[in-house]
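Structure, as structure tokens:
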Amino acid sequence: MPDYFASRVLDLVEAIPPGRVMSYGDIADYLGRGGPRQVGRVMALWGGGVAWWRVIHADGSLLAGHERDALRSYSGEGTPMRLTADGRPGRVDMRRARWDGVS
DNA sequence: GTGTTGACAATCA
DNA sequence: CTGATTGCCAACA
């Protein structure tokens with residue numbers, strides 16, 4: 001069972017609007033405790049039940065090993081993407097997609 | 001108590 | 001833009 005901290009993390013992830021994302025550090029900072037690694041740990045253990053693809057690295061890179069699934073979800077939500085040097089979508093445009101918890 | 005590890009992050013070369 | 005370095009906090013052996 002998720003502890004209190006994990007519950008707060010999962011609730012917040014559920015609150016992220018479609019088409020928006022938050023970084024691990026953002027979530028930790030928003031909750032005011034723990035750190036990016038703790039958030040990552042929570043997601044690794046119990047993130048399967050929420051919109052895990054809306055939680056990514058601070059630089060906009062996707063979850064290693066799940067890029068395909070994430071991209072499929074993003075295309076359906078209209079998440080703003082940035083193109084890699086290869087010219088294909090590889091990371092999220094954090095400047096526009098980042099969600100602060102209010103708007 | 002001590003050392004390692006990890007779905008991380010800011011900084012610098 | 002890529003890679004290395006350092007800082008971070010909690011879990012685990």
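Chain letters run A, B, ... following the sequence lines, proteins first, then strands; residues in each count from 1.
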Practice problem: Strictly below 4.0 Å, heavy-atom distances to any atom of DNA chain B: list the hits from residues 55-66 of chain A, or just say none. | Solution: A:H57, A:A58, A:L63
Practice problem: Enumerate the residues from residues 8-30 of chain A whose closest heavy atom to DNA chain B is under 4.0 Å, giving them by residue number; use none for an empty result. | Solution: A:S23, A:Y24, A:G25
Quick one: does [X]'s side chain have a donor or acceptor within less than 3.5 Å of a partner on [Y]'s backbone?
X: A:R82; Y: A:V92; value: no
X: A:D100; Y: A:V102; value: yes
X: A:E67; Y: A:G65; value: yes
X: A:R54; Y: A:I16; value: yes

Practice problem: May I have the distance from A:R33 (atom CZ) to C:dC8 (atom P), rounded to whole angstrom? | Solution: 20 Å
Quiz item: What is the distance, rounded to the nearest whole Å, between atom CD of A:Q38 and atom P of C:dC12?
Solution: 11 Å
Exercise. Assign A:R82 to base, sugar-phosphate, or nothing according to its heavy-atom contacts below 4.0 angstrom with the strands shown.
Key: nothing
Quiz item: Choosing from B:dG6, C:dA11, B:dC8, which nucleotide comes nearest the side chain of A:R41?
Solution: C:dA11
Quiz item: Where do A:F5 and A:Q38 come nearest, in terms of heavy atoms and distance?
Solution: CE2-CB, 3.8 Å
Exercise. Could you tell me which non-hydrogen atom of A:M81 sits nearest to which non-hydrogen atom of A:Y74, and how far apart they are?
Key: SD-CD1, 3.8 Å
Quiz prompt | More than 12 heavy atoms from other groups under 6.0 Å of CZ on A:R20 | solution = yes
Quiz item: Does A:R72 have any salt bridge (Lys or Arg N to Asp or Glu O under 4.0 Å) partners at least two apart in sequence or in another chain, and if so, which?
Solution: A:D69
Quiz item: Is there a donor and acceptor pair closer than 3.5 Å between the side chain of A:R37 and the base of B:dG6?
Solution: yes
Exercise. Between A:G34 and A:R91, name the one whose nearest nucleotide on DNA chain C is closer to the 5' end.
Key: A:R91
